[in-house]
Amino acid sequence: MITELVISCRCGERLIGLAEDRCINEIVLEDDEKSLTGSIYVGRIKNVSPDICCAFVDIGEGKNGALFAKDACIGKQSIQAALKRDDEVLVQVVRDALGNKGVMLTRKLKLFGKTCVLIANERGVKLSKRAESGARRRLEALGKSIAEKTDCGVIMRSAAATADDSEIMTEALENKRRIDGFVQRSKTERAPKKLHDANKYALRRLRNECSNVEIDKIYVDCAECRDYVLEALGGEYAPIICADKAECTEMLTKLNDAANERNERIVRLENGAYIVIDKTEALTVIDVNMGGFVGSDATNGAAFNVNICAVCEAARQLRLRDVGGIAIVDIIDMDEPAERDAVLAKLRECMRADRGRCSSTNLTPLGLIELTRRKRGF
């Protein structure tokens, strides 16, 4: 499979697309004015509410953020005993503001690398579920060594299975150095103050998420984007193709089309059928419709052919829109059990390419496929 990155700068935003076999399947929008997830602040506690075991912290981004006891690293102490009004705390944003709720914060700073993740104020070693079984014992032993040297929690990523131990250790120690740097700065900076802007490095985070995949090409639409790639990825990057090439123009067009498509309620399929995507508070519903389907046999097997195409697109749309939580796919009724099994198998095959953790159930008696997906959060 050919994997490429497509980057466009427009209206103060950077649109980053991940293309697989020339199809845009994931999009990251980097906008400093919107997402704060992953950013690190030294904040000032404004209020402590023992009733909900939460402290409200001013990080200088408008509404105060919520720091719950489970994320405050206070041990067995009550939150009102451990944290006081006007205390300064080093925190990281784990969820952006939603409606009238402020951001959600943690004191367990998490820094991502290509091979491992370091978590401050945490203990233990976890292994990626995608790590190869033959490498798990080695990775667990190495993770314990890293945890001892850094005094941090460690998550060993799937890419660590093919990396040298020295490379993994070097990366972990570098992230530990960065964590220590944030701790030292938090003691000298006056709160509220942003110490690390994670959103600025969305490309680096996306590249780290794809660390076990070879990026074949990177397409950019201007010199500014090219400089951004060089800054974010350092010396490790694929050949960069600028907008004056016809090949780049084609991929940039696909990126813009995909960006517009993820906001559309109705998505047309190549065979004339379409799917309708509705998001509610509780779940996302994807309804498959025959529409103007034209196939080699418009009577026999028509529902099966439409469903096969529709579940492939449904899996892509979940990635493209970064849908999290519960989703239901309402396929067209089919009489043959073998056809129903084939459609479900096709959906699961397409979902395996998703870096978000997905799971699905069997078809319900009403012909519904229930599934869950963990939001990536970019």
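Quick note: numbers below take in every heavy atom, side chains included, and nothing from hydrogens, waters or symmetry partners.
For Arg123, the salt bridge (Lys or Arg N to Asp or Glu O under 4.0 Å) partners are Asp151, not counting sequence neighbours. For Phe182, the ring-ring contact (aromatic ring centres under 6.0 Å, His included) partners are His196, not counting sequence neighbours.
Closest approach of Tyr274 and Ile266 over heavy atoms only: CD1-CG2, 3.8 Å. Leu118 and Cys152 get closest at one heavy-atom pair: CG-CB, 3.9 Å. Between Val42 and Ala191, the shortest heavy-atom distance links the atoms O-CB, 3.6 Å. When all heavy atoms are compared, the tightest approach of Leu36 to Val93 is O-CB, 3.4 Å. Of all heavy-atom pairs spanning Ala273 and Val306, the tightest one is CB-CG1, 3.7 Å. Summarising the geometry of Ala258 relative to Leu320, their closest heavy-atom pair is O-CD2, 3.8 Å, with the distance given to 0.1 Å.
Taking the side chain as every heavy atom from C-beta outward, Asn64 and Val57 never approach each other to under 4.5 Å. Proximity of Ile369 to Leu363: side-chain heavy atoms (C-beta onward) are separated by under 4.5 Å at one or more points.
A donor-acceptor contact shorter than 3.5 Å is absent between the side chain of Asp58 and the backbone of Arg44. Within the 3.5 Å criterion, the main-chain N or O of Lys46 finds a donor-acceptor partner in the side chain of Arg85. No donor-acceptor pair closer than 3.5 Å links the side chain of Asp354 to the backbone N or O of Cys350. Asp287 places no side-chain N or O within 3.5 Å of a backbone atom of Val276 that could act as its donor or acceptor partner. Judged by distance alone, with hydrogens and angles left aside, the side-chain atoms of Arg185 form a donor-acceptor pair with the main-chain N or O of Leu195 at under 3.5 Å. Asn121 places no side-chain N or O within donor-acceptor distance of the main-chain N or O of Cys73, the cut-off being under 3.5 Å. Using modelled atom types, no side-chain atom of Asp164 and backbone atom of Ser166 make a donor-acceptor pair closer than 3.5 Å. The backbone N or O of Ala19 sits nowhere less than 3.5 Å from a side-chain atom of Asn25 that would complete a donor-acceptor pair. Side-chain N or O atoms of Asp221 include one that pairs as donor or acceptor with a backbone N or O of Cys9 at under 3.5 Å. Remark: side-chain polar atoms of Arg319 are not paired, donor with acceptor, to backbone N or O of Met351 under 3.5 angstrom.
Remark: Lys279 NZ is packed, more than 12 non-hydrogen atoms of other residues, nucleotides or ligands lying under 6.0 Å away.
Of the inter-residue distances, the one linking Leu139 atom CG with Arg136 atom CZ reads 8.0 Å to the nearest 0.5 angstrom. Annotation: the span from Ile24 atom CD1 to Leu18 atom CG amounts to 7.5 Å, rounded to 0.5 Å. Here the straight-line distance linking atom OH of Tyr219 with atom OG1 of Thr249 works out to 11.0 Å at 0.5 Å rounding. The structure places CD of Glu26 at 10.5 Å from CG of Leu5, a figure rounded to the nearest 0.5 Å. Taking OG of Ser8 as the start and CG of Asn256 as the end, the distance is 5.5 Å to the nearest 0.5 Å. For the atom pair CE (Met251) and CD1 (Ile218), the distance works out to 12.5 Å, reported to the nearest 0.5 Å.
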Evaluation steps, side-chain contact (heavy atoms from CB on, under 4.5 Å), between Arg138 and Asp165: CA-CA 9 Å; Arg138 164 186 158 249; Asp165 288 5; 2.8 Å; yes
Test log, rule side-chain contact (heavy atoms from CB on, under 4.5 Å), inputs Thr115 and Arg157: CA-CA 5 Å; Thr115 59; Arg157 309 184 70 178; 5.7 Å; no
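We find that Arg352 and Glu349 are not joined by a salt bridge, their nearest charged nitrogen and carboxylate oxygen being 4.0 Å or further apart. Salt bridge Glu261/Lys254: absent, no basic N to carboxylate O contact under 4.0 Å. Taking a cutoff of 4.0 Å between a charged side-chain nitrogen and a carboxylate oxygen, Arg316 and Glu313 qualify as a salt bridge. With respect to Glu4 and Arg22, a salt bridge is recorded, a charged nitrogen being found less than 4.0 Å from a carboxylate O. Looking at Glu122 and Lys110, no side-chain N of the basic residue comes within less than 4.0 Å of a carboxylate O on the acidic one, giving no salt bridge.
Hydrophobic clustering, with ILVMFWY side chains joined whenever heavy atoms are under 4.5 angstrom apart, keeps Leu105 apart from Leu90. Side-chain heavy atoms closer than 4.5 Å link hydrophobic residues (I, L, V, M, F, W, Y) into clusters, and following such links, even through other members, never connects Ile326 to Val323. In this structure, Val89 is a member of the same hydrophobic cluster as Ile59, with clusters built from ILVMFWY side-chain heavy atoms closer than 4.5 Å.
Among the candidates Arg374, Arg373, Arg262, the single residue satisfying the side chain to side chain donor-acceptor pair (under 3.5 Å) test with Asp322 is Arg373.
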